[in-house]
Number of protein chains: 2
Amino acid sequence: MKRRDMILVVSLKLFNEEGEANLTAVDIANELDISPGNLYYHFKGKEELVAELYKQFETGIVALLQGANDAGDTLEEQWLHLYVVLEYIYLYRFFFRNTTDLLQKYPAIDGHFRRLLEQQYQSIRAMLHNLLEEGVLASNCSEEIRIDELADNMMLIYTYWFEFQNLRKRQLNQHKFIQGAILQIMTLLAPYMGDMQRQFTEECNALYQRDKQD
Amino acid sequence: MKRRDMILVVSLKLFNEEGEANLTAVDIANELDISPGNLYYHFKGKEELVAELYKQFETGIVALLQGANDAGDTLEEQWLHLYVVLEYIYLYRFFFRNTTDLLQKYPAIDGHFRRLLEQQYQSIRAMLHNLLEEGVLASNCSEEIRIDELADNMMLIYTYWFEFQNLRKRQLNQHKFIQGAILQIMTLLAPYMGDMQRQFTEECNALYQRDKQD
DNA sequence: GTCTATATAGGGATAGAC
DNA sequence: GTCTATCCCTATATAGAC
């Protein structure tokens with residue numbers, strides 16, 4: 001493994017664990033047992049490091065969103081898509097911790113990150129519209145379903161669920177993180193599902209939970 | 001107005017606008033047209049300043065939660081309570097921006113803030129239970145209502161709605177902030193309400209929006 | 001109470017030897 | 001590619017005059 005890649009891997013690990021703002025170039029160099037000067041040889045500074053990690057993240061997520069649009073609209077496929085997106089977010093979760101200050105500090109990333117969130121939002125809206133048209137979701141009363149607000153709420157879960165859990169219970173492994181996020185989304189959509197679909201999603205979730213048991 | 005109070009007022013304003021981490025003692029002194037040395041005479045540093053502001057915030061919120069428990073359980077009263085809590089959160093919104101790092105930086109506040117969130121969560125759960133018992137909320141299918149997850153979602157809105165909006169649309173005045181948050185919470189609970197209650201809440205909201213029109 | 005001046009510390013960044 | 005040494009800048013905090 002090239003040193004440059006090594007630096008990226010270790011930085012991602014440290015950023016996720018302690019937060020980007022709490023780490024100096026020296027800290028990262030220490031963890032790698034190299035000198036700070038050496039680190040600066042590979043990356044001009046933390047800025048370039050973060051930019052590179054963001055590029056990785058964006059590339060991956062955009063591919064996932066693309067895949068979701070291309071994929072069919074069955075409940076199963078949409079369900080699976082939720083898992084992989086959440087896994088990816090977990091992998092780069094430091095971007096979702098103190099996001100405001102992070103983007104303020106690195107304006108180069110700011111616009112890209114906001115555009116990505118917008119894409120994700122539109123992708124969720126499209127998915128909900130599809131599920132609605134196919135009758136998977138249905139209003140249970142005289143009122144229309146508020147797709148936009150439901151999509152907002154799902155974005156809220158995507159974006160802040162991890163930080164929220166840390167704020168309340170401290171630390172959370174990938175499995176617990178995804179488990180909780182999925183349960184939130186299920187609770188959000190359950191009232192619009194018939195008994196059959198709801199049972200199906202519960203089973204999907206139970207299956208996933210069993211597979212991932214530590 | 002005493003200088004000490006003046007410092008608190010101006011600090012709160014700046015913290016809300018630019019974020020606590022982005023302001024130095026010198027910045028605050030400049031805004032007040034006093035010298036940094038003078039600021040340090042009144043407060044040992046930013047830490048003491050933030051601690052004092054947090055004390056104000058906690059005192060206010062605890063009083064509101066207490067009031068909610070004492071008040072009746074009609075939908076109107078609970079509705080009004082939402083507004084005042086959200087107004088208070090908006091007033092001290094810098095605590096809800098980059099919260100993780102803020103609490104890490106000031107351990108003295110950390111425990112208190114977490115306890116406060118827990119109280120708020122329990123207060124919401126109690127409210128939902130009451131509304132359920134009185135038949136204001138009711139499940140529309142064979143499944144029980146997931147109170148805990150709904151309460152989690154409401155907490156998510158309380159805690160991150162403002163930061164989320166800033167992340168997507170930049171800037172938001174108090175009115176727009178509360179309007180959006182309320183709409184989210186309404187969307188969350190609407191499926192469990194009958195047509196009558198839902199119309200009532202819509203009217204409450206319309207009334208509030210008109211009153212607060214700029 | 002308020003000011004000016006200054007000491008101190010930490011992180012970011014580069015130069016130059018190896 | 002990698003290291004050591006060093007410089008610069010910024011923020012915190014204090015000392016002492018007014």
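We use all heavy atoms of the structure for the numbers below, so side chains are in, but hydrogens, waters and symmetry mates are not. Convention: sequence-line order gives letters A, B, ...; per-chain numbering from 1.
Evaluated for a ring-ring contact (aromatic ring centres under 6.0 Å, His included) with A/Y160, the options B/W161, B/F96, B/Y160 yield exactly one hit, B/Y160.
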Exercise for review: Let me see the working for B/K13 and B/E31 under salt bridge (charged side-chain N to carboxylate O under 4.0 Å, His left out), right down to the final yes or no.
Suggested key: CA-CA 10 Å; B/K13 175 175 158 284; B/E31 178 79 13; 3.3 Å; yes
Practice item. Please step through salt bridge (charged side-chain N to carboxylate O under 4.0 Å, His left out) for the pair B/R4 and B/E52, ending with a clear verdict. Key: CA-CA 11 Å; B/R4 193 187 139 88; B/E52 186 64 31; 3.4 Å; yes
**Study point:** Candidate pair A/R114 and A/D110, rule salt bridge (charged side-chain N to carboxylate O under 4.0 Å, His left out), full reasoning
**Key:** CA-CA 6 Å; A/R114 287 189 152 88; A/D110 186 289; 2.6 Å; yes
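Residue-level contact check: B/S35 touches the bases, meaning some heavy atom is under 4.0 Å from a base atom.
Centroid-to-centroid, the aromatic rings of B/F162 and B/Y90 come within less than 6.0 Å. For A/F95 and A/Y54, the ring centers are positioned less than 6.0 Å apart. Between B/Y106 and B/F113, a ring centre-to-centre spacing not shorter than 6.0 Å is recorded.
Distance B/K105 NZ to D/dA11 C1': 10 Å, rounded to the nearest Å. Taking atom OH of residue A/Y40 and atom P of nucleotide D/dC7, one finds them 17 Å apart after rounding to whole Å.
Heavy-atom contacts of chain A under 4.0 Å fall on DNA chain C between two terminal nucleotides, which in 5' to 3' order are C/dG11 to C/dT14.
For the segment residues 4-23 of chain A, the set of residues with a heavy atom within less than 4.0 Å of an atom of DNA chain D is empty.
Ring geometry for B/Y92 versus B/F57: interplanar angle of 30 to 60°, hence tilted.
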